[in-house]
Structures are given as structure tokens and as C-alpha cells.
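Chain naming here is simple, since letters A, B, ... match the order of the sequence lines and numbering starts at 1 in each. When reading the values below, keep in mind they use all heavy atoms of this one structure, side chains included, and skip hydrogens, waters and symmetry mates. Quantities reported herein were computed from a predicted structural model and do not represent experimental measurements.
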Number of protein chains: 2
Amino acid sequence: MIEKPAGEKKPQRLGVREIAKRVGVAPMTVSRVLSNPDMVSPETRARVLEAIEQAGFVPNRLASSMRGNGRMIGTVVPPLINSGIAEQVQGMSDQCHEGGYSMLLVQGEFTQEAEERSIRTLLGWRPVGMILQSFVQSEAARALLQSSAVPVVEISEIKGRKPIDMVVGVSNFETAYAMTMHLAAKGYKRIGFVSTPVHGNDRLQQRRTGYHAALNELGFTNHGDMEVEVPITAQGGAEALVTLTARHKDIDAIFFSSDTLAVGAVQECHRRGWVVPGRIAIAGYGDMDLAAQLYPPLTTVKVNRYEMGRRAVRQLLARLGGDTKVPTITSLGFEIVDRESA
Amino acid sequence: MIEKPAGEKKPQRLGVREIAKRVGVAPMTVSRVLSNPDMVSPETRARVLEAIEQAGFVPNRLASSMRGNGRMIGTVVPPLINSGIAEQVQGMSDQCHEGGYSMLLVQGEFTQEAEERSIRTLLGWRPVGMILQSFVQSEAARALLQSSAVPVVEISEIKGRKPIDMVVGVSNFETAYAMTMHLAAKGYKRIGFVSTPVHGNDRLQQRRTGYHAALNELGFTNHGDMEVEVPITAQGGAEALVTLTARHKDIDAIFFSSDTLAVGAVQECHRRGWVVPGRIAIAGYGDMDLAAQLYPPLTTVKVNRYEMGRRAVRQLLARLGGDTKVPTITSLGFEIVDRESA
DNA sequence: CATTAAGATTATAATATTATAATTTGTCAA
DNA sequence: TTGACAAATTATAATATTATAATCTTAATG
């Protein structure tokens, strides 16, 4: 038998084991002090806590997770800039924090490959729940999620496809339909529609469909050329305004699928000396912070994105907590906020 | 000896072990196919890949991390809404993704306790690197970070305190000093300053100090009541404008510490029929997307937040890649973008 | 004083991966 | 046909935690 040099003590990494050794107790006891303090006698508990404090020990959640006590929620979101998604993320983050969970964030694009890659990355970390924006497009991704058996909340369009698991969202169809009707009720007859690229984006598709449905019902002719797609920037909004008004001199209102675009368009009107809504009415979507303060104040669709984020997490946590009758589909309400721009 | 029922096969969780069994190979071989494919013969590799594909296996990164191959970067950020932080997060996220890392995001507040709690949470996941916004305030948090030996990048003010490890940022002092000088050069003599609450926020403190320094140098008297703190909303900006102009009829320019505030103030001017910059000049900070499109276009300080995020991650990855001469302090440049609002 | 029970603590095993060391297989030359 | 060497593969051990089962302590009771 080969004798090991006895004095060789490697600088133990800080873990329950090390803390236990210092206190003179078993690792399990340390673990319990952290997760089930009541099962440990007050004196032992005090000594352990002291040692933890003293050593600056932070329990390793990777190991806990492996053992089946994960506290991580994964999420895939579209680009944060200008999109109002930031508020949703904030909602998710706040609720995660409140529940003692951490949030792993991956930015995805609206393409099948990117989506699949993002989901795969997240699954690698074995999150206990996932929150996805917009319906999962690729069949492979769906299969992956399904077989992983992780609870999933999609923050998305309510109508249409069958959800993977749970859904939180609004009916984008309804919102757009309602806004279009609202504009018609105010007397506008030639209503244009501007959005960011709808390809691969459920929500935008539904909004456009809602707009179409309203026009049909109203008996308004719908020239396909009264719609434009632009990037989600203020400049995009301004350009859309220019394009549409050039094409149709008599256009009297434009419904933008995002406040960011609408705000850009309003600035363009100022530049041209056009009165809003006198020369043309502008409506947005999202009710961003600036909307109410804008000059003139922006008529828009108000959706509580922060609340959506919170709800999504809350549903996940409820499910994780063993609540079996968590609602599968939660539709949040919306409001048409009638301000002066339309 | 107690005999176990032989036929009892539990439904093996999907791992390298299970894949290995299915292919008829050792787990290590599967592991290598994933991380060092060159060390496995092409035929074996093909069979393993096939099995992985077929089973929908996603390697468990928790286990890899435990073994010392972590690919997670933790970050603490202030609230995302309205703050321009979204762009930084996007930059970090993009660069993380590019390097094959995942991003764990925790939202923090500018208080010592909250900061410490956030850092503790992140450390629990044993990230291989951390990115923090603003200098770490609490001594306990500093100690925690130091003893964890994780590379840290602070995205923060360059001047002042000693960094924990690496810093990326701009000199907020310089930017504010430069803008104030710029306003003076354009002939404005009574320049107000509006910011969001500076308490606990290094960057804002430095901006205010820069503003003061410029005023002193110019020989302008600095009434303390030419400064206001408001929440970071468009409404906050509007209210600040009202407050300051009511206090000082002759104020001729206001420097806002955020574009969000400046935009709100411009709207208030429109409401009052005040010409910008005729009646009063407005300057912002950040050069948000809307700034250039605003009517009138906003004079502002341009800082490339997206790039800051990218750089922060790149520095971390360089360090992790063994590059020992990674710069400790990186100061990004800035621009005074002179548009029409001032 | 032995017995019982409750309470507190400890031992064991399991989670999935991978660096390292050990072993097997294959090839070529002597 | 064996020895040497390289390539490919496998065995072992280590990472940190915790549910479970097992053990130990203490006090009270008959």
C-alpha cells in the first residue's frame, strides 16, 4: 500500500462539507440549516450560521439543481430595444425574485433555427420552467420542449395554434379589431396600417388580421397598398407616414402596431407642419410611458406588459408548487386609450 | 444478501450515460463527441451523434459547470424600463451568445442590501464571470466578490473608486462637463440640470459634478435650486421643466441626465407653445433612437451603450481565455451630438 | 434499570459530466 | 511474431448538494 503524505491538505473549496468540518458536524446538518432550519437544534444552527457568515459561504445552486431542487427559470425574448419587451422582462424578473428564482435570459430572433437553438441552450441548464415569447414555430423545438417535460408558459397570441402548455397574453386580433373600429367610429374612413415585419411573428399577424376583419365588416375597401412594414424605430414610423400619405393623398388615419413607430410618425407630422389629428390621425400600440406625455397625446392600445410578465412567472410557480388546476390560458384585458392624436 | 428484482429498470433519465448505453460505448466517448470530436473515430462519432439526435438529448450544463467547465455569465442591472440599459443588455447578450455563454440576469436596485443580495444570488450559480452596473457599494459585497475569485467587469464611471477587477465605461464627469461647456459656447448663460435620483448612483453623481465643474470654470453662479431630481419618466421631464422655469424666469437651457426626461420636457414645451430652443434650449443624454427623429431633433450626449455591453463581455471572455494582459480599464469615447434643440 | 419514543444528527447514495489515468486495439517494423 | 508506439476507448474519481434511511442521544416511564 502506498502511503499518502499525511500533511497534504488541499485548500478545500468552500462548500457544505468545509463548513461542516469547521463546525464539527455533518454536511447534512449544514444543508438543513440552509433549507430546513427547524430540523436543527438552535445551538447547532447558531454555530453553523456563524461559520457560514464567517467564511462568506454561498451555497452552490448548481449542485442543488442537479439534486432536483432547481430554482432557475429560462426565458427567450425578442430584442429588448424599442419593443416594450423590457417591461415584460421586468415583470418576470420581479416575480422571479419574489419567488426566490433566478432568470436565465436568452435573446432570440423570429426564425425557426434561432428559436430552436435558444431553447436548446436553455434546456441545457435544466430550468424548472420556461417562458417563451410567441408561439414556438418549429416542430423540432416543440418536440424538444414536450419531451423535456418542463412547464412552459408562452406569452403570446391567445388565438390560433394549440399551446404547448400554458399561455398568457391578449388577443391581438381583438385589440387591433377594436382599435380599427374605434378609428372608424371617430369618423376616419381611410385607415392605413403600419407594422414591423410580421413574418414569423404570431402577434403581428393577428393584429393585421384584426385590422382586416374590421375593415371588411365596415365595408371599407382594403387596398393592400395601405399597409407597410418598417423596422421598429422612430425613423421607421416617420418613413411609413411619408410612404402612405404619398400613395394615398386622402388617407386620414394610420394605425401603427407599436408606439415607437407612432411617435416617430407624429414627429414627422410636426416637421411637415401637419396638424394631428386634423391633417391625419395617428394611433399606436402599447401605451409606452411617453404616449400620454406626447404632444399631442397618443391614442393607443394599452396592454399591461409588466403584468403579463408577472403572470407568466406566477403561473409557472403555481404549477411548480403542485397546483394542478393552474389555468392553461390566461387572457389579460386591454384598453383603447382615447387621447388626442386620433 | 438481499436480491434486487432484476427486471426493474427505471426509465433512465437522458444523459451521456444513457446515450452511451444505447450506442454501446462508454459515457466518456459520448462526452468527447460533444466537446472534443476529433478525439473520436469518425464512425463512432457518427453513431453517437445519430443517437443524440434521435433521442433529443441536450447535454446538462449544470454538471459540466460543476466539473469546472462553466459557461454562464452573471449580471446585475438596474431596472430596464426607460433607462437605456436595454441596449447594454442587448450588447452583452449578443456577445455572450457569440462566445457560447449564457447570461443570468438579476435586476438590482441602487441600495447596498439589494446589491449584496443580487450578487449573492448570482454567485450561488457559480458563474465564470460577472458584469455589474455601477461600482459595488457595500464592503461586504466587495469582499464576497473578491474571495470568490470570479473575474468581474464593472460597467460604470471610470473616475473615482478603485475597481474590483476590470472596468468598462465612460467618464460621466467628462461627458457632463463637455455638454455644459457646449451649451455655454452656444451662448446659454443660465443652465439648469435635471436628473433622476443620484443617491447611490455613481454615474449620476459624476455627471452632476461635471456640470458643477463647468459652471464654476465659466464663472456662472450656481444656484442649488437650478437642479431638480425627478423619476425617470417623460412626465418627470415635463415636471422638471415646469418647476425650473417657474423658479427662474430667465433660465435659458436645461441639461437632462437622460433623453427620456428631455423628450418629456420638449413635449411640455409644445403644449405651452414654447419654441425650442428659442424660448428654452433642451439637451439630453444617451442619444436614444428617438432623439434624432424628435421635433426638434435633440442635442444630446451620445454614448454607445450597446458597445459597452459587448466590450464588457469580450473582456471577460478574453480573461477566461487565459489572456493575462486584458486592459483593466477601458474608457469608451463619447460625442456631443449637436442637433437643433439646443 | 430497561424500554420506548421523540428529536437530533450522521451515513449513504444519487444527481450528470469530464479530466486524468489506464487499458485496449491496431499498425508497422524488426 | 513480438515489441514499440500511437490512436481509440474505457475506468476512476471528482465536482456540491440533499432525500432518505440509519443511527445516536436524551428523557421519561413502567
Interatomic distance, A:Leu14 CG vs D:dT15 P [rounded to whole Å]: 14 Å

Interatomic distance, A:Glu18 CD vs D:dA14 P [rounded to whole Å]: 16 Å

D:dT15 base / B:Arg67 side chain donor-acceptor hit below 3.5 Å: no

Sugar-phosphate, base or nothing in reach of A:Gly68, heavy atoms under 4.0 Å: nothing

5′-ward residue of the pair A:Met66/A:Asn36 relative to DNA chain D: A:Met66

B:Arg17 CZ - D:dT12 C1' separation (whole Å): 14 Å

Flag side-chain contact, heavy atom, 4.5 Å: A:Leu14 against A:Arg22: yes

Protein-nucleotide distance (B:Met72, atom CE; C:dT17, atom P), rounded to Å: 16 Å

Residues from residues 24-35 of chain B lying under 4.0 Å of DNA chain D - heavy atoms: B:Val25, B:Ala26, B:Met28, B:Thr29, B:Arg32

Between C:dT9 (P) and A:Ile19 (CD1): distance, integer Å: 17 Å

Distance test, side-chain N/O of B:Asn69 to OP1/OP2 of C:dA19, below 4.0 Å: yes

Nearest-Å distance for atom pair CG/C1', residues A:Leu123 and C:dT17: 17 Å

Side-chain touch B:Met166/B:Val168, heavy atoms, less than 4.5 angstrom: no

Whether B:Gln90 side chain and A:Leu80 backbone form a donor-acceptor pair below 3.5 Å: yes

Contacts of type side chain to side chain donor-acceptor pair (under 3.5 Å), residue B:Arg311, not counting sequence neighbours: B:Glu307

Set of residues satisfying side chain to side chain donor-acceptor pair (under 3.5 Å) with respect to A:Thr121, sequence neighbours excluded: none

Side-chain heavy atoms of B:Ile131 within contact of B:Leu316, under 4.5 Å: yes

Side chain proximity check, A:Asp165 to A:Leu145, heavy atoms < 4.5 angstrom: no

Atom-to-atom span, NZ of A:Lys21 to P of D:dT17 - whole angstrom: 14 Å

Five-pair end axes of the helix from C:dC1-D:dG30 to C:dA30-D:dT1 and the angle they enclose, rounded to 10°: 70°

Pairs flagged by salt bridge (charged side-chain N to carboxylate O under 4.0 Å, His left out) wherever residues 118-127 of chain A is involved - sequence neighbours left out: A:Glu116-A:Arg120

B:Gln88 side-chain N/O to B:Met308 backbone N/O, donor-acceptor pair under 3.5 Å: no

Check: A:Arg71 side chain, A:Gly100 main-chain N or O, donor-acceptor pair, under 3.5 Å: no

Within residues 38-63 of chain A, residues whose heavy atoms come under 4.0 Å of DNA chain D: A:Phe57, A:Pro59, A:Asn60, A:Ala63

Residue pair B:Pro327 / B:Gln315: nearest heavy atoms and the distance that separates them: O-OE1, 3.2 Å

